[in-house]
Amino acid sequence: MSHRVADGFAFWTFINAWAKSSSLGAVPVNVVSSPRFDLGNVFPARDLSKLDVPIPCPMKTGLKIITRRFVFDTEEITKLKPEVTAGSTSDCKPKRQVTRVELVTALIWRAHITALQAKHGRLRDFLLLLPVNLRGKTVPNTSETCFGNIFRFTSARFTADENRMKLQDFVDLMRDAYRKPAARTDQEFGDDAFLSTVINPYKEYCEELNKEEADVGIYSSCCGFPLYVDFGWGKPAWVSGIQMPFETVMLMDNKQGNGIEAWVNLDEKPMSHFLQNLYLTDI
């Protein structure tokens, strides 16, 4: 499915509605959570030709992309969780347990930065984009089954500092990114404010990509999405990710829903260093 049509959450909503409607009458059609196509009522079409929006192409020439799948089972995640808390160790805020997605993302991000440090010969800044599903987070509200591209990027920036390389530091950066305001489209803020909320993080990403003074990346998580769909003959043995033509990371639930598969797509040279650094335990 083309991303011009819809995002991943919409895709899996559609697939699940299709599966339930096809499961030999096991589920009444009138209770299926079918996709809703009323996004235009909330975000009317408008002329975007005057907007300075970069071409969405994060691919660099000359890269040989290597794809590796890493499986983090529930035992590994449980073992690491107590060593990382949400909230800086220097503040007085109550500590909250880190989520499995935050933990795995932080682990991969740190290994990615370390791999690029070996490539460049020095530690560099890193701008990370994290997609955020906007369903139920806009004003006016959008349905959980609304079909289309209803997400925005939030950005987390690592500033090169050897003293800020603990997993806790990366969890803190992600938590700060997710605390950024949700998109609003009501009269108080206006359509322009909503567009800025959606477009600005991606513009920042493209600017950093073009300047090449910092490293950039996009990590996506499908964890929590209904990936294991039953069309009536049982759930699949395995739902996999795919190889991507550019550097990116995608997280998916395992079949049991308590572990994570990480599909990491990196250039050949950084990947060799990434493999050496992923399981460092000096948290």
Side-chain angles (χ1 to χ4, degrees), residues 1-58 101 129-154 178 180-203 205 218-233 235-236 239-242 244 248 250-253 257:
M1 184 189 68
S2 172
H3 227 317
R4 295 170 184 261
V5 178
D7 54 24
F9 191 88
F11 172 78
W12 287 108
T13 298
F14 173 79
I15 292 295
N16 273 267
W18 180 11
K20 289 180 180 179
S21 300
S22 305
S23 58
L24 304 178
V27 178
V29 174
N30 62 343
V31 300
V32 173
S33 297
S34 300
R36 295 182 57 176
F37 299 91
D38 56 357
L39 185 60
N41 297 334
V42 182
F43 307 121
R46 56 178 295 173
D47 181 12
L48 302 179
S49 61
K50 296 181 180 180
L51 288 177
D52 182 20
V53 182
I55 298 175
C57 184
V101 171
L129 290 195
L130 302 163
V132 177
N133 180 13
L134 292 179
R135 292 165 181 82
K137 301 174 184 177
T138 61
V139 179
N141 195 22
T142 46
S143 167
E144 289 292 333
T145 60
C146 197
F147 195 87
N149 279 292
I150 317 173
F151 76 97
R152 72 173 178 87
F153 287 114
T154 188
Y178 284 123
K180 294 177 181 178
R184 299 177 66 96
T185 62
D186 55 16
Q187 293 181 355
E188 179 184 353
F189 287 83
D191 258 3
D192 290 338
F194 169 73
L195 285 173
S196 296
T197 300
V198 173
I199 293 172
N200 285 348
Y202 189 74
K203 290 177 67 176
Y205 169 83
I218 298 177
Y219 290 8
S220 298
S221 172
C222 293
C223 295
F225 287 17
L227 306 182
Y228 284 80
V229 181
D230 185 355
F231 275 88
W233 54 79
K235 292 184 179 182
V239 176
S240 76
I242 60 173
M244 302 294 285
T248 187
M250 182 175 67
L251 305 184
M252 305 175 66
D253 286 325

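The analysis underlying the following values was restricted to heavy atoms, covering all of them including side chains, and did not include hydrogens, waters or symmetry mates.
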*Asks:* Nearest 0.5 angstrom please: Asn149 CG to Leu39 CG, how far?
*Replies:*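 It comes to 9.0 Å.
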*Asks:* Once you measure the plane-to-plane angle for Phe147 and Phe37, does it fall in the parallel (<30°), tilted (30-60°) or perpendicular (>60°) bin?
*Replies:* tilted
*Asks:* Other residues, nucleotides and ligands only: do more than 12 of their heavy atoms fall within 6.0 Å of CZ on Phe14?
*Replies:* no
*Asks:* Taking all non-hydrogen atoms of both residues, which atom of Phe153 and which atom of Pro131 are closest, and how far apart?
*Replies:*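 Result for this residue pair: CE2-CG, 3.6 Å.
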*Asks:* How long is the span from the CG atom in Leu130 to the CZ atom in Arg152, to the nearest 0.5 Å?
*Replies:* 10.5 Å
*Asks:* Report the distance from atom OG of Ser220 to atom CZ of Phe151, rounding to the nearest 0.5 Å.
*Replies:*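 Separation between the atoms: 8.0 Å.
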*Asks:* Would you call Val132 and Tyr178 a side-chain contact if the rule is heavy atoms closer than 4.5 Å?
*Replies:* yes
*Asks:* State the OG-CG distance between Ser221 and Asp253, to the nearest 0.5 angstrom.
*Replies:*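 Answer rounded to 0.5 Å: 7.5 Å.
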*Asks:* For Pro226 and Trp12, work out which heavy atoms get closest and say how close.
*Replies:*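 Result for this residue pair: O-CE3, 3.6 Å.
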*Asks:* Which class fits the ring pair Trp18 and Phe231: parallel under 30°, tilted 30 to 60°, perpendicular over 60°?
*Replies:*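 Correct class here is perpendicular.
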*Asks:* Locate the shortest heavy-atom distance separating Met250 from Cys222; write the atom from each residue and the value.
*Replies:*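 Minimum heavy-atom contact is SD-SG, 4.2 Å.
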*Asks:* If you measure from CD on Glu144 to OG1 on Thr13, what distance do you get to the nearest 0.5 Å?
*Replies:*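 If we round to the nearest 0.5 Å, Glu144:CD and Thr13:OG1 are 8.5 Å apart.
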*Asks:* Treating Thr248 as the side-chain partner and Ile218 as the backbone partner, does any N or O pair qualify as donor plus acceptor under 3.5 Å?
*Replies:* yes
*Asks:* Determine the minimum heavy-atom distance between Ala17 and Ser21, stating which atoms define it.
*Replies:*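 Shortest heavy-atom contact: O-OG, 2.8 Å.
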*Asks:* Locate the shortest heavy-atom distance separating Val239 from Leu227; write the atom from each residue and the value.
*Replies:*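 Minimum heavy-atom separation between Val239 and Leu227: CG2-O, 3.5 Å.
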*Asks:* Under 4.5 Å between any side-chain heavy atoms of Cys146 and Asp38, yes or no?
*Replies:*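 They are in side-chain contact.
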*Asks:* How long is the span from the CG atom in Asp7 to the CZ atom in Arg135, to the nearest 0.5 Å?
*Replies:* 4.0 Å
